[in-house]
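Below is one structure, written out as structure tokens, with a few remarks after it.
Every value quoted in this text rests on a predicted model; they were computed, and no experiment measured them.
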Amino acid sequence: MDFAATIAKLCAVPGVSGYEMPVCELMRDMMRPYCDQVDILPLGSVVGQRAGASPDAPRVLLDAHLDQIGFIVSGINDEGFLHFTPCGGFDARVLPAKEVIIHTDPVRYGVIAVLPPHLQTPENKEKAMPMGDLIIDAGMSAEEARKCIPIGTPVTVAAAPFALGSETIGGAALDDRACMASILYALELLGDEPLPVNLIVVGSVREETGGAGASTAAYFARPDYAVAVDVTHAHTPDALKSNTVPAGSGACIGVGPHLNRKVTSTLRRLAVEQEIAHTIEVLPGRTGTNATPMQIVRTGVATGLVSLPLRYMHTTTEVIRIDDTRAVGELLAAFIRSFAGGEPRC
């Protein structure tokens, strides 16, 4: 797989949480070569299914979310500037002066307004502007803006993926499109080989606003086992090492009370046996990922978590390493194949 090209393709399509249909339709087309059947559910999640060698084989679900953090236009003032509200958790400190895409038809562009340093008071220079005080300059009069930009229009940051050296990619929406690339890579590795499981692949919606897409997809698919694939915090010089994992350390396997111990131990064993680069992340409570809502669907789903190290999460430019993305895909493929030796009973 050309990871850079695949990630660029996934990130080029908008999908603010709750407004994901463009990226869901793309994901449906990207899943079709690997699946026997692909459905888009009522909430928007994409579910691909591939039959195993036996209809009685375990049902195993791999999930990555398709939605991205963004904004929603909430008002237009008398000068034509757009008020907006965040959709998902955004770091307001990094937003001033950023270019944004306003997803009307056709799309329009804007800039989040910022006070130049020449006009700032000493008080302005010492504090970040609150999210509620930020506005978007779309270059329009109030009359034009009200005519062209309906209240409720989704907005994304304009930050297409770009290369940072040979193994690193920066850009918006890498949380969680890079993990969907890992799942696609796992499907590529599995190829046409007979599978010991009935495989379900989910591109879920609304993770950034509560996880409704994954829980409803799991209810639809009725898996016996599930693995959520999401990002985790990669180490940066200003971060505590106890709260981060090193970039370049491979797949990050979650361990904690919201994660099934048999699934987790199988992932750890496979990573060691097959020499897949990996690290361990202890999560003592809710994981902040789709692993938590999926585990309580119906009578419960044995659920694990594999994460991709990512720097600058929930900002305008996130950063991942391709070798980590590859390791995640390798571990997922190994997990699917591992059921040939007997499923990990719980």
Side-chain angles (χ1 to χ4, degrees), residues 7 10-28 30 40-47 63-75 82-92 94-95 98 100-105 107 110 112 131-132 134 136 149-161 171-181 183 202-220 228-232 286-294 297 305 307-308 310 312-318 320:
I7 291 171
L10 287 166
C11 291
V13 181
V16 173
S17 194
Y19 298 80
E20 301 98 341
M21 193 50 65
V23 71
C24 290
E25 291 174 344
L26 170 65
M27 195 68 250
R28 176 186 58 194
M30 295 179 76
I40 295 182
L41 302 186
L43 290 189
S45 293
V46 186
V47 180
D63 165 84
H65 68 87
L66 295 175
D67 59 316
Q68 66 190 106
I69 57 173
F71 315 104
I72 303 173
V73 175
S74 58
L82 312 182
H83 295 278
F84 62 90
T85 188
C87 191
F90 233 120
D91 186 345
V94 301
L95 293 178
K98 291 296 187 293
V100 296
I101 304 173
I102 304 162
H103 292 281
T104 51
D105 186 15
V107 299
I112 297 179
M131 179 75 75
L134 296 172
I136 295 171
I149 304 174
I151 303 301
T153 298
V155 177
T156 57
V157 172
L174 295 178
D175 173 8
D176 195 29
R177 310 282 172 83
C179 290
M180 183 52 71
I183 291 179
V202 175
S204 56
V205 298
R206 304 192 191 180
E207 190 273 345
E208 299 291 1
T209 51
S215 57
T216 51
Y219 191 93
F220 169 80
V229 190
D230 210 329
V231 296
T232 191
R286 295 175 65 89
T287 67
T289 72
N290 281 335
T292 296
M294 285 195 301
V297 168
L305 173 64
S307 299
L308 173 70
L310 174 141
Y312 321 125
M313 192 184 298
H314 283 210
T315 68
T316 56
T317 306
E318 299 166 327
I320 56 99

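Closest non-hydrogen pair, Gly203 versus Leu66, comes out as O-CD1, 3.6 Å.
No hydrogens or angles considered: nothing links the side chains of Thr153 and His103 as a donor-acceptor pair under 3.5 Å. In this model, no donor atom of one side chain and acceptor atom of the other lie less than 3.5 Å apart for Thr315 and Asp91. Asp175 and His314 are linked by a side-chain donor-acceptor pair at a separation below 3.5 angstrom, with hydrogens and angles left out of the test. Side-chain contact of Thr232 with Ser307: a donor-acceptor pair under 3.5 Å is absent, judged by distance alone. No side-chain N or O of Ser74 forms a donor-acceptor pair with one of Thr85 less than 3.5 Å apart. Side-chain atoms of Asp230 and Thr289 form no donor-acceptor pair, as typed in the model, at a separation below 3.5 Å.
A donor-acceptor pair is defined here as one N or O able to donate and one able to accept, closer than 3.5 Å; no such pair exists between the side chain of Glu318 and the backbone of Ala172. With hydrogens and angles disregarded, a donor-acceptor distance shorter than 3.5 Å links the side chain of Glu20 to the backbone of Gly18. No side-chain donor-acceptor contact under 3.5 Å links Thr209 to the backbone of Gly88. Proximity of a side-chain donor or acceptor of Asp67 to a complementary backbone N or O of Glu208 within less than 3.5 Å is detected.
Side-chain contact check for Glu207 versus Ser17: every heavy-atom pair is 4.5 Å or farther apart. Counting heavy atoms from C-beta outward, Ile7 and Leu174 have side chains that approach closer than 4.5 Å. No side-chain heavy atom of Val155 sits less than 4.5 Å from a side-chain heavy atom of Ile72.
If you take CD1 on Ile183 and CE on Met30, they are separated by 12.0 Å, rounding to the nearest 0.5 Å. Ile101 CD1 to Thr156 OG1: the interatomic distance, rounded to the nearest 0.5 Å, is 4.5 Å.
With sequence neighbours left out, Gln68 forms a side-chain hydrogen bond (donor to acceptor under 3.5 Å, both in side chains) with Arg177.
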